[in-house]
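What follows is a set of notes on a single structure, which appears directly below.
Along the sequence shown, residues carry numbers from 1. Not measured: the values here are computed from a predicted model.
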Amino acid sequence: MDDTDPEADGDEHRGDHVADASAGRTQRISKNQILTLISMASVNFSAMICYSILGPFFPNEIVQIGAKFMMISGLFVSGGCTILFGLLDKVPGTTNFIVLCFIIRSIDAIGFAAAMTSSFAIIANIFPNNIATVMGSLEIFTGLGLVLGPPMGGFLYQSFGYKIPFVTLGCLLLLMVPFNMLVLPSVEAFPTNDSFWRLFTHPKVVLICFIIFSISSGLGFLDPTMSLFVLEKFNLPAGYVGLVFLGLAISYSLSSPLLGIVSDKMPTIRKWLLVLGGFGTAIGFFLLGPAPILQIKSELWLFVLMLGLIGFSLGMSGIPTFPEILSCAIERGFEEGLSTLGLVSGLFGAVWSAGMFFGPTLGGYTVQKLNFPWASVIQGGIALLATLLMGLYFIIEGVQKKRSPQVAENESNSERTLLLNQS
């Protein structure tokens, strides 16, 4: 008599079938998965291009209509679009819903770009000698937003449904409009003939933009990939995934003010903050998986520790970028004023949003094609490449600066000798 349990045997066959299917998915991408990737890429692309495309010409608009008016207008547009987004569940038909999502999200991106570009310019104009300190201090509130957003949104959704989280946030943004009208001082601006492309084509600015790109793409990479990896690898409840992300948010928000003070007090070490932060970011991503070639077992404590390292390193390399680009612009002869600050803030925002599009797109594709550890290695490689190029530039720049006084001194001695011989 056969003692084999047919249900257990069936479960075993079903488990084998699921395992085979899972193995097949890691090796080949189905047509549905390809179409899904294309769809998600189009969403990211349409949202981010509406933001990044404004970089070359929005700074000039700041000068013409005023930074304060542009910031308040951007907040108003973004708040209204957020409320409208919460009402889209009432739209009949899937096609109408998707089309309106694209339209409202695109308009929201324009409003957000106006607010952020003008806010960076206002900060740099009001605090010209403490740009990094002020921006680093404001990152505390960025971290608070990242920390409080998920639990607040989850509570409002579970308690009141889809509509209320968007309406609440939209109303909060609209309340910021009269508040900033009363509190924010007006900033005078004068037109300039300086070109956005003249700023962007400087080699040092290009490399700093690559650093900014690697930072934003790293943050964007974690959005669609980290939660799935934590759920599958460590078998955590869904509610604990947000707590894991705190490792990055807290380390970034708490370290940013200190790094900003160091950057302003000792501007000569900004370049090395960029380099050290880039190396720290690369190491964090290499060990986040960790990299399969290292043969290190993935542990939850190591994962959280590397998120903390990435958060600290992103702050170290990100905080000095704005004042470094601004210093480079002034050295190239750009006029000091709101127009130049608008150019720098527009460039910063455009590059940042490009990275936020690239990171999730590449991350989702590489995780699907390979796995999270290898995808994390690739993202760390981008940060490492940007850091190596930046470090190489600083080394060459330092050698040239040391050589320039010697060349000038030799030329002066030669001219003096020639004049003595003639006399």
Side-chain angles (χ1 to χ4, degrees), residues 50-51 54-55 57-87 104-149 152-153 156 163-192 253 256-257 260-261 264 319 322-323 326 335-346 348-349 352-353:
C50 289
Y51 181 30
L54 306 175
F57 59 86
F58 242 47
N60 292 328
E61 298 301 319
I62 290 179
V63 176
Q64 295 177 13
I65 68 176
K68 180 178 179 179
F69 179 80
M70 179 171 286
M71 179 178 172
I72 293 173
S73 300
L75 286 174
F76 180 80
V77 172
S78 185
C81 288
T82 303
I83 294 176
L84 290 177
F85 214 86
L87 304 177
I104 294 176
R105 185 65 185 89
S106 298
I107 298 174
D108 187 18
I110 295 174
F112 180 75
M116 294 307 299
T117 302
S118 55
S119 66
F120 283 154
I122 292 173
I123 289 171
N125 187 77
I126 301 297
F127 303 95
N129 299 320
N130 306 97
I131 297 175
T133 301
V134 174
M135 287 189 170
S137 300
L138 292 177
E139 290 305 309
I140 294 177
F141 298 94
T142 301
L144 285 175
L146 292 173
V147 171
L148 297 178
M152 182 182 298
L156 292 174
K163 182 190 303 181
I164 297 301
F166 294 100
V167 173
T168 302
L169 181 58
C171 290
L172 180 62
L173 288 173
L174 291 179
L175 286 176
M176 292 297 102
V177 172
F179 175 79
N180 282 281
M181 289 176 66
L182 296 174
V183 174
L184 190 65
S186 299
V187 181
E188 293 185 359
F190 302 96
T192 179
S253 59
S256 292
I261 294 173
D264 280 332
I319 295 299
F322 192 97
L326 183 59
E335 298 178 5
E336 295 188 31
L338 189 62
S339 57
T340 299
L341 297 174
L343 287 173
V344 175
S345 61
F348 184 95
W352 182 272
S353 59

Response to the item:
Taken to the nearest 0.5 Å, the spacing of T82 OG1 from R105 CZ works out to 8.5 Å
Please report, to 0.1 Å, the donor-acceptor pairs under 3.5 Å made by any side chain of residues 165-182, with sequence neighbours excluded.
residue: T168; atom: OG1; partner: I164; partner atom: O; Å: 2.8
residue: N180; atom: ND2; partner: M176; partner atom: O; Å: 2.6

Worksheet item: According to the salt bridge (charged side-chain N to carboxylate O under 4.0 Å, His left out) rule, which pairs have a member within residues 121-134, sequence neighbours left out?
Response: none
Worksheet, complete the sentence: Residues passing the side-chain hydrogen bond (donor to acceptor under 3.5 Å, both in side chains) test with S73, sequence neighbours excluded, are none
Discussion item. My understanding is that only residues two or more places apart in sequence, or in another chain, count here; which of them pass side chain to side chain contact (heavy atoms under 4.5 Å, CB included) with V77?
Written reply: C81, I107
Worksheet entry | For S78, all residues meeting side-chain hydrogen bond (donor to acceptor under 3.5 Å, both in side chains), sequence neighbours excluded | D108
Discussion item. Looking at every heavy atom in both I319 and G260, which two are closest together, and how far apart are they?
Written reply: CG2-CA, 3.7 Å
Practice prompt. Write down the atom of S253, the atom of P257, and the distance for their closest heavy-atom approach.
Written response: O-CD, 3.2 Å
